[in-house]
Amino acid sequence: MDKSRYYLECIDCGMKYDANEVVYTCLKCDGLLSVEFDWSKIPSRLDKIWRRKAFSVWRYLELLPIDERAKIVTLGEGGTSLNHCLKLSKSLGLEWVYAKNEGENPTGSFKDRGMTVGVTKAVELRMKRVACASTGNTSASLAAYAAKAGLECFVLIPAGKVAFGKLTQALIHGARVIQIKGNFDEALGIIRKICLTHPIYLLNSLNPFRLEGQKTTAFEIWDQMNHKVPDKVIVPVGNAGNISAIWKGFKELHQLGLAENLPKMIGIQAEGAAPIANSMRQGLQQVRFIDKPETVATAIRIGSPVNWRKAVKAIKESNGLVETVSDDEILEAQRILARLEGLFVEPASAASIAGLKRLAYSRLIEKDEKVVCILTGHGLKDPDIVMRQCPTPIEAEATIDSVIRIILEEDVAHVTMT
Ligand code: F0G
């Protein structure tokens, strides 16, 4: 593949960098970097090429910044389902609510889309060690892909604030897990500095190659909607990489003439961790960071989102908006989605459904609009939070009599309730 197909560009000052340089932010102005393609080197009629390939992240290879196919580190990521949520739609007075179930990815979250590309890039760059700070899912994903690639992996997590399932994943895949007595923002600050001065490849969403993998969510939605885009896409926002990546994906489809329209991007933050929402509401030009973010959705418990500039751009360019939801609304949305649609997601993912509900009640979503909610991670990642809210299982003697008595009692209870 032609190595000069793509390069890195600073989103603030436009400075360009060779894609083989290990650089995370602009060396001139510290701005965020973005992978940009030389469109003259991208084949035409990509839709025809893609149609012949399996439905996965790597179907879109022509728009991914990887040179050596043989080195691709994959666990079978992407190709997740897009569910038409009929009952949920109806309960909100809407018709076309869809859920993109990213919990179907190999490690149970959307992070795998980014890691397959980011870890492949680490291999191409001949890096032997990789690292990240994480609220849980990034570390679980990086640990798995590093294991597959045979790289040494270090992860920094906020002590006591990472869901059990995610911590278990990082440990079983052999990552060196370092719990810091601080929050995610502090962990990222530390690992960022270490990676700048040591030959360790940083795989947080500051890394523009990782975000390239995540933009394939947009490509898949377009594919699943018969080469059309939805009216609105709702994304939970933490470090703000995913909403930026998905918007980039839609823009590229539009630029290539593959999609006629563009969706509005809607970001959802938890009330106690909403620096972007609060700042945008106040009309600030810069996002004001929060020192002590707090939410039950630990995955998005972030006060200083590094990608805020990209996210604000995505929201403004797309004519979208940003909304906040309370912890109670998040947990209620998690239950509703599980009961009505059979989809079990972690609290951060349920934030997109809680946001949908708020916007539907405020009439900011029209009945016939097509809305896609991104369900970012699987519910099994964080079972503790569920067990705290659900009724405990009913105990019975191991006899038919005692079980049937309970079933019949339950029947009566059910009939009187409905
Ligand atoms: N949903 C889940 C389940 C997440 O794990 C994250 C981020 C987000 C949403 C927000 O995505 O940061 O791109 O805005 N988790 C990161 C981690 C921070 O370390 O696992 P974002």
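Residue numbers count from 1 along this sequence. Only a predicted model underlies this, so the values are computations on that prediction, with no experimental measurement involved. Indexing begins at 1, ligand by ligand and atom by atom, following the structure's order.
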Q: Can you name the atoms of ligand 1, numbered from 1 with element, that are less than 4.0 Å from a heavy atom of V237?
A: 14 (O)

Q: Among all protein heavy atoms, pick out the one at the shortest distance from atom 13 (O) of ligand 1; state its residue, atom name and that distance to 0.1 Å.
A: N242 N, 2.8 Å

Q: Determine whether a donor-acceptor pair (N or O, by modelled atom type, separation under 3.5 Å) exists between the side chain of K215 and the backbone of L63.
A: yes

Q: Give every residue pair that meets the side-chain hydrogen bond (donor to acceptor under 3.5 Å, both in side chains) criterion with at least one member in residues 292-309, sequence neighbours excluded.
A: S205-N307, E294-R301, T295-D327

Q: Which residue holds the protein heavy atom closest to atom 12 (O) of ligand 1, what is that atom called, and what is the gap in Å?
A: N239 N, 2.7 Å

Q: Could you list the atoms of ligand 1 found under 4.0 angstrom from a heavy atom of I302?
A: 18 (C)

Q: Are S109 and T376 linked by a side-chain donor-acceptor pair shorter than 3.5 Å?
A: no

Q: Check whether the ring centres of W222 and F250 lie less than 6.0 Å apart, and answer yes or no.
A: no

Q: Start with the C-alpha gap between K111 and E102, add the side-chain angles, then the distance that decides, and say whether salt bridge (charged side-chain N to carboxylate O under 4.0 Å, His left out) holds.
A: CA-CA 9 Å; K111 305 285 178 178; E102 291 293 281; over 6 Å; no

Q: If you measure from each non-hydrogen atom of E346 to ligand 1, which part falls under 4.0 Å: side chain, backbone, both or neither?
A: side chain

Q: Number the atoms of ligand 1 from 1 as they appear, then name those within less than 4.0 Å of a heavy atom of G241, with their elements.
A: 13 (O), 14 (O), 21 (P)

Q: For atom 5 (O) of ligand 1, which protein heavy atom lies nearest, and how many Å away is it?
A: N137 ND2, 2.8 Å

Q: Using a strict 4.0 Å cut-off to heavy atoms of T138, name the atoms of ligand 1 that fall inside it.
A: 16 (C), 17 (C), 19 (O), 20 (O)

Q: Give a yes or no on whether the backbone of I66 and the side-chain of R5 come within a donor-acceptor separation of less than 3.5 Å.
A: yes

Q: Is the shortest side-chain N to carboxylate O distance from K264 to E369 below 4.0 Å?
A: no

Q: In the protein, which heavy atom is nearest to atom 4 (C) of ligand 1, and how far is it?
A: A299 CB, 3.5 Å

Q: Nearest heavy-atom pair of C85 and L343: which atoms, and what distance?
A: SG-CD1, 4.4 Å

Q: Starting from atom 11 (O) of ligand 1, find the nearest protein heavy-atom neighbour and note its residue, name and distance.
A: F110 CZ, 3.5 Å

Q: Under 4.0 Å from any heavy atom of I300, which atoms of ligand 1 are there?
A: 8 (C), 9 (C), 10 (C)

Q: Can you confirm whether the side chains of D112 and S141 place a donor and an acceptor under 3.5 Å from each other?
A: yes

Q: Is it true that R113 and E77 have a side-chain N and a carboxylate O under 4.0 angstrom from each other?
A: no

Q: Under 4.0 Å, counting heavy atoms only: does S109 come that close to any atom of ligand 1?
A: no

Q: With heavy atoms of S134 as the reference, note each atom of ligand 1 found under 4.0 Å away.
A: 17 (C), 19 (O), 20 (O)

Q: Please state which protein non-hydrogen atom is closest to atom 2 (C) of ligand 1 and give its distance, to 0.1 Å?
A: T376 OG1, 3.4 Å

Q: Among all protein heavy atoms, pick the one closest to atom 7 (C) of ligand 1 and tell me residue, atom and distance.
A: K111 NZ, 2.9 Å

